[in-house]
K.L.:
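Got a structure here, written out as structure tokens. Questions coming.
All values reported here derive from a predicted model rather than from experimental measurement. To find a chain, count down the sequence lines: A is the first, B the second, and so on, and within it residues start at 1.
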2 protein chains.
Amino acid sequence: MPDTQTKEIFAFEQPCPIRDVLDRIGDQWSLLVLEALQGGVLRFNELNRKIDDISKQMLSRTLKRLEEDGFIRRTLFAQVPPRVEYELTNLGRSFLVPMHLLVQWADENHIRICTARLDYAGSGTGS
Amino acid sequence: MPDTQTKEIFAFEQPCPIRDVLDRIGDQWSLLVLEALQGGVLRFNELNRKIDDISKQMLSRTLKRLEEDGFIRRTLFAQVPPRVEYELTNLGRSFLVPMHLLVQWADENHIRICTARLDYAGSGTGS
DNA sequence: CCGGATCCCCAAGGATACTG
DNA sequence: CAGTATCCTTGGGGATCCGG
């Protein structure tokens with residue numbers, strides 16, 4: 001792709017940090033990884049086991065993206081059996097503060113959402 | 001799954017409210033719509049103009065999903081020229097509280113994320 | 001004015017095999 | 001052990017046309 005045209009991603013991209021954040025943690029796995037790393041340093045396969053329904057592929061991608069955005073730090077020990085450790089950065093840790101509030105809200109209001117869905121389905125379609 | 005280890009991770013199962021929430025607001029437009037409705041009641045085309053880079057299609061879908069989950073309320077006035085009004089529910093308004101904290105965090109730390117990206121790109125690829 | 005129905009495209013996500 | 005490369009599937013999102 002030699003020449004990427006300036007495709008208008010969003011008109012609100014420049015001053016829209018939340019978009020960046022949502023794009024990162026809105027995916028399937030990022031939040032799980034961040035939560036898993038709350039306990040401390042973990043190696044790749046430890047993470048893989050801890051989240052065990054994630055594939056190596058997705059774990060790798062997710063870690064790379066999180067590292068790229070500065071949420072986690074990757075440390076490679078150049079040894080014969082490779083050893084790589086992942087841990088939260090200060091940025092990652094600080095992020096979990098507001099995130100947990102959102103999680104808490106979700107937890108407290110999930111029942112309402114479910115109720116609303118049933119209600120909607122019930123009133124919308126007779127069948 | 002009655003008993004797992006010190007799994008503070010939200011299991012990826014039935015009781016995973018955050019997944020529901022992220023799936024809803026992690027999309028392209030939901031947040032924009034919710035923010036737009038903060039000011040009060042708006043009609044369909046008013047919303048369309050306010051977010052003007054959204055298509056009618058996506059606005060319609062987004063509104064329906066938000067209504068389905070109980071974040072907004074839709075009021076139809078059966079008139080010859082159809083009139084439909086949208087407004088936040090209490091649930092939707094309460095959601096914006098933790099959400100704004102996340103937005104605020106994003107706002108305050110966006111520069112760090114951007115820096116991390118440049119840093120990562122700079123150290124990762126020499127070319 | 002307010003959408004639904006339809007078609008299309010692309011990128012995110014998964015599975016598997018391979019590598020240093 | 002810690003990934004990468006490759007292929008494939010899925011569905012979100014856009015454009016457009018149609019209907020009430």
Side-chain angles (χ1 to χ4, degrees), chain A residues 1 4-5 7-13 19-33 36-37 41-69 72-87 120 124-125, chain B residues 12 19-20 22-33 36-37 41-69 72-87 120 124-125:
Chain A
M1 197 162 285
T4 30
Q5 52 184 1
K7 186 181 177 182
E8 44 178 355
I9 307 175
F10 309 121
F12 47 88
E13 60 172 328
R19 198 74 260 154
D20 265 353
V21 174
L22 283 180
D23 284 348
R24 195 65 40 190
I25 58 101
D27 69 19
Q28 207 80 312
W29 302 110
S30 293
L31 252 189
L32 278 297
V33 171
L37 285 175
V41 180
L42 285 178
R43 300 179 59 176
F44 186 85
N45 276 351
E46 287 174 333
L47 274 167
N48 206 161
R49 274 188 294 274
K50 198 154 186 172
I51 315 188
D52 75 323
D53 47 350
I54 192 176
S55 66
K56 282 184 163 192
Q57 231 262 7
M58 285 315 297
L59 179 56
S60 181
R61 281 188 200 175
T62 304
L63 286 168
K64 184 171 276 186
R65 282 190 294 225
L66 288 173
E67 187 200 357
E68 184 177 347
D69 281 9
I72 64 176
R73 176 170 25 252
R74 177 182 183 271
T75 309
L76 166 66
F77 299 85
Q79 301 174 352
V80 183
R83 176 189 184 88
V84 182
E85 290 184 348
Y86 294 92
E87 59 185 325
Y120 184 86
T125 66
Chain B
F12 222 1
R19 198 74 261 154
D20 266 352
L22 283 181
D23 284 348
R24 196 65 41 190
I25 59 102
D27 69 18
Q28 208 79 311
W29 302 111
S30 294
L31 251 190
L32 277 298
V33 171
L37 285 175
V41 180
L42 285 178
R43 299 180 59 177
F44 186 85
N45 276 351
E46 287 175 332
L47 274 167
N48 206 161
R49 274 188 295 274
K50 197 154 185 173
I51 315 188
D52 76 322
D53 48 349
I54 193 176
S55 66
K56 283 185 164 190
Q57 230 263 10
M58 285 315 297
L59 179 56
S60 181
R61 280 190 203 175
T62 304
L63 287 168
K64 182 172 276 187
R65 282 190 294 224
L66 288 174
E67 186 201 358
E68 184 176 348
D69 281 9
I72 64 176
R73 176 170 26 251
R74 177 182 185 269
T75 309
L76 165 65
F77 298 85
Q79 300 174 352
V80 184
R83 175 189 183 89
V84 182
E85 290 184 347
Y86 294 93
E87 60 184 325
Y120 184 85
T125 65

K.L.:
Out of D/dA5, D/dG14, C/dG3, which nucleotide sits closest to the side chain of A/Gln57?
P.N.:
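Among D/dA5, D/dG14, C/dG3, the one nearest the side chain of A/Gln57 is D/dA5.
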
K.L.:
Compare the minimum distances between each of C/dG3, D/dG3, C/dT6 and the side chain of B/Tyr86, then state the nucleotide with the smallest one.
P.N.:
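For B/Tyr86, the side-chain atoms sit closest to C/dG3.
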
K.L.:
Of all the choices, D/dT4, D/dG13, D/dC1, which nucleotide is nearest to the side chain of A/Lys64 once you look at every atom?
P.N.:
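Minimum distance to the A/Lys64 side chain belongs to D/dT4.
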
K.L.:
Between atom CG in A/Asp27 and atom P in D/dG12, what is the gap in whole Å?
P.N.:
15 Å

K.L.:
To the nearest Å, give me how far apart CD1 (A/Ile51) and P (C/dG14) are.
P.N.:
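Checked: the CD1 to P distance equals 12 Å.
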
K.L.:
Taking only Lys NZ, Arg NE, NH1 and NH2, and the carboxylate oxygens of Asp or Glu, determine whether A/Asp23 and A/Arg19 approach each other closer than 4.0 Å.
P.N.:
yes

K.L.:
Which of the following nucleotides, C/dG13, C/dC2, D/dC1, is nearest to the side chain of A/Asn45?
P.N.:
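The closest nucleotide is D/dC1.
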
K.L.:
Show the numbers, then the answer: is there a side chain to side chain contact (heavy atoms under 4.5 Å, CB included) between B/Arg74 and B/Leu66?
P.N.:
CA-CA 10 Å; B/Arg74 177 182 185 269; B/Leu66 288 174; over 6 Å; no

K.L.:
Can you tell me the distance, in whole Å, between the CG atom of B/Leu59 and the P atom of C/dC1?
P.N.:
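After rounding, the reported distance stands at 14 Å.
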
K.L.:
Quick check for you: among D/dG13, C/dG13, C/dG3, whose closest atom lies nearest to any side-chain atom of B/Met58?
P.N.:
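Of the candidates, D/dG13 comes closest.
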
K.L.:
Reading DNA chain C from 5' onward, which residue's closest nucleotide shows up sooner: A/Ile54 or A/Val80?
P.N.:
A/Ile54

K.L.:
Can you confirm whether B/Lys56 sits close enough to B/Asn45 that some side-chain heavy atom of one is under 4.5 Å from a side-chain heavy atom of the other?
P.N.:
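Side-chain contact under 4.5 Å: yes.
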
K.L.:
It should be established whether A/Arg43 places a side-chain nitrogen or oxygen under 4.0 Å from OP1 or OP2 of nucleotide D/dG3.
P.N.:
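It does not, given that no N or O in the side chain of A/Arg43 lies less than 4.0 Å from OP1 or OP2 of D/dG3.
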
K.L.:
So, does A/Arg83 get its side chain near the phosphate of D/dA2, meaning an N or O under 4.0 Å from OP1 or OP2?
P.N.:
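Result: no.
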
K.L.:
How long is the line joining CH2 of A/Trp29 and C1' of C/dA12, in whole Å?
P.N.:
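Distance check: A/Trp29 CH2 to C/dA12 C1' gives 13 Å.
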
K.L.:
Counting only side-chain heavy atoms from C-beta out, which of D/dG3, C/dG14, C/dC1 sits nearest to A/Arg74?
P.N.:
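Nearest to the side-chain atoms of A/Arg74, counting from C-beta on, is D/dG3.
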
K.L.:
So do A/Thr62 and A/Leu32 actually touch side chain to side chain, heavy atoms under 4.5 Å?
P.N.:
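A/Leu32 does not reach A/Thr62 side chain to side chain.
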
K.L.:
Tell me the interatomic distance from B/Leu47, atom CG, to C/dC1, atom C1', rounded to whole angstroms.
P.N.:
14 Å

K.L.:
Please report, rounded to the nearest Å, how far the P atom of D/dG11 is from the CD atom of A/Gln28.
P.N.:
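Atom-to-atom, A/Gln28 to D/dG11, this comes out as 12 Å.
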
K.L.:
Hey, which sits more toward the 5' end of DNA chain C by its nearest nucleotide, A/Pro82 or A/Gly26?
P.N.:
A/Gly26

K.L.:
Rounded to whole angstroms, how far apart are CZ on B/Phe44 and C1' on D/dG19?
P.N.:
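The distance from CZ of B/Phe44 to C1' of D/dG19 comes to 14 Å, rounded to the nearest Å.
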
K.L.:
Of all the nucleotides listed (C/dG14, C/dC1, D/dC1), which has the minimum atom distance to the side chain of A/Arg61?
P.N.:
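Nearest listed nucleotide: C/dG14.
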
